[in-house]
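The structure appears below as structure tokens.
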Amino acid sequence: MEARKIAFSIAGRVPIGGGNPVLVQTMCNTSTDDIVGSVAQCRAMAAAGADLIRLTTQGLKQVESLREIKRRLRAEGILTPLVADIHFLADAALAAASVADKVRINPGNFAKEHEVACAKFRELLSLCKEHGTAIRIGLNHGSLGERITQRYGNTPLAMKEAVMEWLRMCVVEDFYDVVVSLKASNTLVMAEAYRLLYAAMRDELGCIFPLHLGVTEAGNGDEGRIKSAVGIGTLLGEGIGDTIRVSLTEDPVHEIPVGRQIVAAIADGYSPRGSRTVVEASDWEDFIIKGSCLWGPSLLDKRIDDFSLKGSTIGGAPVPAADGDRFRDLLLQACRRRFTHPEYIACPGCGRTLYDLESTFNEVKRRTAHLAGVKIAVMGCVVNGPGEMADADYGYVGEGRGHVTLYRGRTPVLRYIPQEEAIDKLLELIASDR
Ligand code: SF4
């Protein structure tokens, strides 16, 4: 028997799942307590076509800020559903259930004790049912939690198992307005985790909850777009995924057109199962996204080792050789097949970000461009950054008040150093290890 595909409407007006069009969403990087700034950013996101907007909601104070942001947006006629992003404080999720249109929780950090987490989650389900609020169970590879990793390792299987525990609770409580995500910065881990979860929902639960796809900490520029298109495009091409977020360390408004381009590329036949064999493109960005959706999945799954650009065009002209070579290098690295430049993991930033992430990340990239094979993370905050930077060799993590902590792997080695010195110290640290 076919598994039931669950569909519902967020805020009673935005349908998700069950074959409805794929929703494209983004997240504010303003402080949620900056009401004017957050409203302005939400306004720009809505104008750019965001279907859902997420805001950092660290605690009860931010729940009240979110309430005011929502009130002002609705007064302007902007009806885009707002999602409260919760980490570490289950009580903030409970409070947000009557304010936000959807509450995102991370099973890896919902509460310290598993039994407490389960009890609080049941309470959340009951409140969300009462208020018509949806939930996202948003697990990240970098924040699986010890209880799960001790049993299953830091693997796609562990990610699937961790989420299934929470979905079983939803089924028992008869709560189905749930979206699930299993993000990772490694495209292979990300694709495998979603595939495992999809099969488990189908075979064990007999119902498929809507899936939110994304590659976390994808970085920016061409690398960020290519990595996102590989991970998201691979799954959309297999019919997996109902909403997507492209996470870029840039103005979050930029995420919307990239997301739309990925969805359009798949619909236009740019996938291994589609009708296309070459890329006909309007411009460079269009070309790299379509090319990543077309060749990325087969590279990722090792069905091919390389690809030909013969017959592909940008703006009607053959792809210039240098551009083609650069795209090949970036795509092969995004698919984890050949490593020709440093690997960057950078969070997109959010209301917790403690410094100018975008310019710092660009400066780190500029000064470390020669370090092929080294994996460097640049993270906005110390609350989530160290966990989320997963398997980076080195990490640059904002501490606030103009200070940074540098990590070797998961170990902080230079704590709370002035930001002006931090990139020099990072280079010294890497040099001392080589
Ligand atoms: S790591 Fe980055 S995106 Fe994640 S919570 Fe911290 S600042 Fe926000």
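Numbers here simply count residues along the sequence, with the first being 1. Counting starts at 1 for both ligands and their atoms, in listed order.
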Nearest protein heavy-atom contact for atom 5 (S) of ligand 1: which residue, which atom, what distance?
N384 ND2, 3.3 Å

Measure the distances from the heavy atoms of E388 to every atom of ligand 1 and state whether one is below 4.0 angstrom.
no

Contacting atoms of ligand 1, where contact means under 4.0 angstrom from a heavy atom of G380
2 (Fe), 7 (S)

How are the rings of W166 and F121 set to each other: parallel, tilted or perpendicular (split at 30° and 60°)?
perpendicular

If you scan protein heavy atoms around atom 2 (Fe) of ligand 1, the nearest is C347 SG, 2.3 Å

Under a heavy-atom criterion of less than 4.0 Å, does T353 contact ligand 1?
yes

Given S65, which partner from the list T56, T32, L55, D34 fulfils the side chain to side chain contact (heavy atoms under 4.5 Å, CB included) test?
T32

Is the closest basic N to carboxylate O distance between R326 and D222 below 4.0 Å?
yes

Near R352, which atoms of ligand 1 are under 4.0 Å from a heavy atom of that residue?
5 (S)

I need the L213 CG to L236 CG distance, nearest 0.5 Å.
5.5 Å

Identify which of P386, G385, S247, G142 has a heavy atom lying nearest to atom 1 (S) of ligand 1.
G385

Among protein heavy atoms, which sits nearest to atom 6 (Fe) of ligand 1, and what does the distance come to when rounded to 0.1 Å?
C381 SG, 2.3 Å

Hey, can you tell me if F327 and W284 have their rings parallel, tilted or perpendicular (30° and 60° cut-offs)?
perpendicular

Run the ring-ring contact (aromatic ring centres under 6.0 Å, His included) test on F209 and Y176 for me, step by step, so that the C-alpha distance in whole Å, both residues' side-chain angles and the decisive distance to 0.1 Å come before the verdict.
CA-CA 8 Å; F209 286 91; Y176 289 91; 5.8 Å; yes

Look at atom 8 (Fe) of ligand 1 and say which protein heavy atom is nearest, naming residue and atom and giving the distance to 0.1 Å.
C350 SG, 2.2 Å

Give, for atom CD of Q419 and atom CD1 of I423, the distance between the pair rounded to the nearest 0.5 Å.
8.0 Å

